[in-house]
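I have placed the structure first, in the form of structure tokens, so that the comments after it can refer back to it.
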Amino acid sequence: MSYAIFTDSCANLPGNLLRQLDISVMPCSYRIGGKEISFNGDIDHFDAKVHYDLLRAGEVISTSLINADAFLAAFRPVLAQGRDLVYVGISSGISGTFQAANMAVTELKEEFPDRTIRTVDSMGAGLGTGLLACRLADFRKDGLDANAAADKLETLVPGLCEFFTVDSLHFLRRTGRISAASAAIGTMLNIKPLLRGDETGHIVSCGKYRGRKRAVEAIVQKYAELAVDPEHSRVAITHGDCLADAEDLAMRVRAVAQPGELIICPHEPFTGSHVGPGMLALFFLGSHR
């Protein structure tokens, strides 16, 4: 019996891919105005306009990690059926969710000593994690067992490229990514940062540009410089309710190298709540980060 694949709903995957590749999702939750919302991970069921309009209106949206008990409840029945399991999750550098998964796995390995249970830290977020979950499904289709697939996936993590820019510096300031003074100056000068997921799974700045057009051009340049065999790979674009910008980025990406599969969808609500409306991101597998 083939191994089960789990990720979390930060992976930002469309429902057709989740079903086609048989990927299970650990739901994440967030709070808006005191109301808790659970998101099952199918980005097709996420109303990006409503979510990002709330952020535009000044609503504060708080997010929470998945606890170990939730992982125990999801993983235990699969293991009890005699199946092995691999979980690839959001970066430990930005969330405690991966640590919670490992706590659950430590307990489950004692309960199911004959089963293979692996966790892979994507050192990424959003569709970066999602792309790795899809590759895990590809490895399973190719006949790799859980250990071999997890080992191979870990070799891809250092090349997971995630580059994005934001329309407003307000959300980065609110979450402590930049100072209030830097945000004020940057806003006044129309500075748009280029950000990436670094080698330790943290979000860092890797450039500053005067105007959004130049920031988007910098993202495309990173794709041209770093992408490995994109013609036979999945590439993904996500956006904070700015579809026209995403489609423009897709056109520019295709002009460099037509991906084997190009996914375009709204950015999920968890990391999206920290970068805000107008966020635009490109995810692909490259030679390095």
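Using a 4.5 Å cut-off on side-chain heavy atoms (C-beta onward), L285 and L132 make contact. The shortest side-chain heavy-atom distance between C265 and N12 falls under the 4.5 Å cut-off. Side-chain contact between H274 and T63 is present, with heavy atoms from C-beta onward closer than 4.5 Å. Side-chain contact between P230 and Y223 is present, with at least one heavy-atom pair separated by less than 4.5 Å. No side-chain heavy atom of M279 sits less than 4.5 Å from a side-chain heavy atom of C242. A 4.5 Å side-chain heavy-atom check between E217 and R252 finds at least one atom pair inside the cut-off. No side-chain heavy atom of D145 sits less than 4.5 Å from a side-chain heavy atom of T116. The closest side-chain heavy-atom distance from S233 to F284 is not below 4.5 Å.
By the criterion of side-chain heavy atoms lying less than 4.5 angstrom apart, applied directly or through intervening Ile, Leu, Val, Met, Phe, Trp or Tyr residues, L65 is not grouped with M103; the two fall into different hydrophobic clusters. With hydrophobic clusters built from ILVMFWY side chains whose heavy atoms lie under 4.5 angstrom apart, L226 shares a cluster with V216. Using a 4.5 Å cut-off between side-chain heavy atoms of Ile, Leu, Val, Met, Phe, Trp and Tyr, with links allowed through other members, F163 and V204 fall into different hydrophobic clusters. Linking ILVMFWY side-chain heavy atoms closer than 4.5 Å, directly or via other members, places V256 and V253 in a single hydrophobic cluster. In the hydrophobic cluster analysis, where Ile, Leu, Val, Met, Phe, Trp and Tyr join through side-chain heavy atoms closer than 4.5 angstrom, L243 is grouped together with I219.
Under a 4.0 Å N-O distance rule, the pair R196/E162 does not qualify as a salt bridge.
A distance of 8.0 Å separates CD1 in I43 from CG in L127, rounded to the nearest 0.5 Å. Between the CG atom of L55 and the CD1 atom of I61 there is a distance of 4.0 Å, given to the nearest 0.5 Å. Atom CG of D8 is separated from atom CD of E268 by 8.5 Å, given to the nearest 0.5 angstrom.
Smallest separation of non-hydrogen atoms from A257 and E231: CB-OE2, 3.7 Å.
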Less than 3.5 Å apart, which donor and acceptor atoms pair up between the side chains of residues 149-161 and the rest of the protein, not counting sequence neighbours?
from, atom 1, to, atom 2, distance (Å)
D151, OD1, R118, NH1, 3.2
D151, OD1, R118, NH2, 2.9
T155, OG1, K152, O, 2.5

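If you chain together ILVMFWY residues whose side-chain heavy atoms come under 4.5 Å of each other, I117 ends up grouped with F6, M26, I66, F71, L72, F75, V78, L79, L85, Y87, F98, V105, L108, F112. M251 forms part of no hydrophobic cluster, judged by ILVMFWY side-chain heavy-atom separations under 4.5 Å.
Sequence neighbours left out, the pairs with a member in residues 225-270 that pass ring pair (Phe, Tyr, Trp, His ring centres under 6.0 Å) are Y30-F270. Within the structure, side chain to side chain donor-acceptor pair (under 3.5 Å) pairs that include any residue of residues 128-142 comprise S122-T129, D138-R234 (at least two apart or interchain).
Partners of S91 according to the side-chain contact (heavy atoms from CB on, under 4.5 Å) rule, which considers only residues two or more places apart in sequence or in another chain, are I94, D121, M123.
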